[in-house]
A.B. asks: 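Below are the structure tokens for one structure; questions will follow.
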Number of protein chains: 2
Amino acid sequence: MTRHDLGVTATQAKRPSVEAQERLTQVGLRPTRQRIALIGILFAKGDRHVTAEMLYEEATSAQIRVSLATVYNTLHQFTNAGLLRQIAVDSSKTYFDTNPSFHNHFFIEDKNELIDIPPTNALVGAVPIPPEGYEIDRIDIIVRLRKKRR
Amino acid sequence: MTRHDLGVTATQAKRPSVEAQERLTQVGLRPTRQRIALIGILFAKGDRHVTAEMLYEEATSAQIRVSLATVYNTLHQFTNAGLLRQIAVDSSKTYFDTNPSFHNHFFIEDKNELIDIPPTNALVGAVPIPPEGYEIDRIDIIVRLRKKRR
DNA sequence: ATTTGTGCAAATCGTTTGCATCTGA
DNA sequence: TCAGATGCAAACGATTTGCACAAAT
């Protein structure tokens with residue numbers, strides 16, 4: 001079980017999960033009803049790439065009462081806590097990745113979909129040396145894909 | 001002289017440039033007053049990373065009458081024509097790079113500044129294989145920098 | 001003369017904020 | 001009890017759009 005996999009199934013998402021509660025407490029966030037529910041949805045099924053709107057829709061249709069503003073707050077709190085990673089694909093929507101460890105992404109332009117690049121297929125290289133006084137915060141690599149024209 | 005360097009100096013930017021006109025015609029855009037002026041500003045001094053707002057300010061203070069909407073239009077037209085490259089650093093502002101050829105960027109987080117990674121310092125590696133039916137449009141690599149803490 | 005571009009203001013859209021109310025420790 | 005969290009609606013900021021007018025071919 002990886003660090004970001006809480007082992008919560010989709011059906012469990014609605015019920016308070018002990019694991020989710022512990023996880024929240026660990027990172028210094030109060031285990032509220034909304035946060036427990038959201039953490040449940042986010043980590044229920046493997047790695048995901050969600051927008052605030054997507055998560056909000058999903059929570060709402062799962063009978064979880066939560067406001068969009070709280071979804072935004074929660075996503076940022078989880079990101080600061082290291083549970084999520086933020087990804088900038090374009091200047092409109094912001095995506096959040098449930099796998100915070102370093103890896104790269106394919107972005108399928110005609111579907112606005114973000115998928116992990118399998119590690120066996122990864123783009124790796126020398127890490128550049130930052131200018132004096134700065135250090136690397138993180139490296140974002142996005143490989144943009146378009147439909148192959150034949 | 002590189003392909004994207006028109007050799008136009010800052011002082012020439014205000015006067016219609018034959019080179020700018022030719023360049024526009026080449027890519028199928030009518031050489032209008034605004035487009036000639038903007039192309040002049042953009043390529044006057046080496047590689048740059050501008051936002052629509054930045055370019056608009058610069059044009060305005062150089063006595064060039066142009067609307068912000070036209071700046072947006074023009075930036076997109078130039079991008080489609082291959083004169084510029086669009087860079088997504090975060091989900092607020094959109095940056096345009098006057099060097100459309102492949103290279104990577106440092107993003108200085110505390111200054112919201114984008115700079116080229118010198119080629120000698122570049123991050124290169126194996127190019128990942130896209131999923132079936134897709135091909136690589138482009139690869140965006142952004143190395144985010146924060147002030148070194150001592 | 002016809003097509004294309006421009007400017008303005010209003011509209012859009014994702015995201016943030018202010019503030020009253022609620023909740024968890 | 002009471003700091004911290006939530007919900008709502010209003011505010012925001014970057015970008016886009018509709019449309020009348022202007023400029024280029």
A.B. asks: Tell me whether B/R85 is salt-bridged to B/D47, with the criterion being a basic N under 4.0 Å from an acidic carboxylate O.
C.D. replies: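 No, this pair does not count.
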
A.B. asks: Are A/V50 and A/L38 connected in the hydrophobic side-chain network, where two residues link if heavy atoms are under 4.5 Å apart?
C.D. replies: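 Yes: a chain of side-chain contacts under 4.5 Å links A/V50 to A/L38.
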
A.B. asks: Nearest 0.5 angstrom please: B/L84 CG to B/Y95 OH, how far?
C.D. replies: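 It is 15.0 Å, given to the nearest 0.5 Å.
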
A.B. asks: Along nucleotides 1-6 of chain C, 5' to 3', which nucleotides get a B, which get an S, and which get a -, given that the test is a protein heavy-atom distance under 4.0 Å?
C.D. replies: --BBSS

A.B. asks: Do side-chain atoms of A/R138 reach the backbone of A/F102 as a donor and acceptor pair under 3.5 angstrom?
C.D. replies: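 Side chain of A/R138 to backbone of A/F102: no pair is present.
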
A.B. asks: Under 4.0 Å between a side-chain nitrogen and a carboxylate oxygen: does that hold for A/D137 and B/R146?
C.D. replies: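 Judged by the 4.0 Å cut-off on N to carboxylate O distance, A/D137 and B/R146 do form a salt bridge.
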
A.B. asks: Mind checking side-chain hydrogen bond (donor to acceptor under 3.5 Å, both in side chains) for A/T70 and listing every partner two or more places apart, or none if nothing turns up?
C.D. replies: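 A/S67.
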
A.B. asks: For residues 71-84 of chain A, pull every pair meeting side-chain hydrogen bond (donor to acceptor under 3.5 Å, both in side chains), keeping only residues two or more places apart or in separate chains.
C.D. replies: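 Every side-chain hydrogen bond (donor to acceptor under 3.5 Å, both in side chains) pair that includes a residue of residues 71-84 of chain A, provided the two are not neighbours, is A/R35-A/Q77.
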
A.B. asks: How large an angle, rounded to 10°, do the end axes of the helix from C/dA1-D/dT25 to C/dA25-D/dT1 enclose when each is built from five base pairs?
C.D. replies: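 Here the local axes at opposite ends form an angle of 30°.
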
A.B. asks: Are any of the side-chain heavy atoms of A/K147 and B/Y134 separated by less than 4.5 Å?
C.D. replies: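 A/K147 reaches B/Y134 side chain to side chain.
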
A.B. asks: Is there a donor-acceptor pair closer than 3.5 Å between any side-chain N or O of B/T98 and the backbone N or O of B/F43?
C.D. replies: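 Side chain of B/T98 to backbone of B/F43: no pair is present.
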
A.B. asks: Collect all protein-nucleotide pairs involving nucleotides 11-16 of chain D in which both atoms are nitrogen or oxygen and the distance is under 3.5 Å.
C.D. replies:
residue	atom	partner	partner atom	Å
D/dA14	OP1	B/K93	NZ	3.0
D/dT15	OP1	B/T94	N	2.8
D/dT15	OP1	B/T94	OG1	2.9
D/dT15	OP2	B/Y72	OH	2.5
D/dT15	O5'	B/Y72	OH	3.3

A.B. asks: Report the residues that fulfil ring pair (Phe, Tyr, Trp, His ring centres under 6.0 Å) with B/H105, sequence neighbours left out, ordered by chain and then residue number.
C.D. replies: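 B/H49, B/H103.
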
A.B. asks: To the nearest Å, how far apart are A/L24 CG and D/dG4 P?
C.D. replies: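 For the pair A/L24 CG and D/dG4 P, the rounded distance is 16 Å.
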
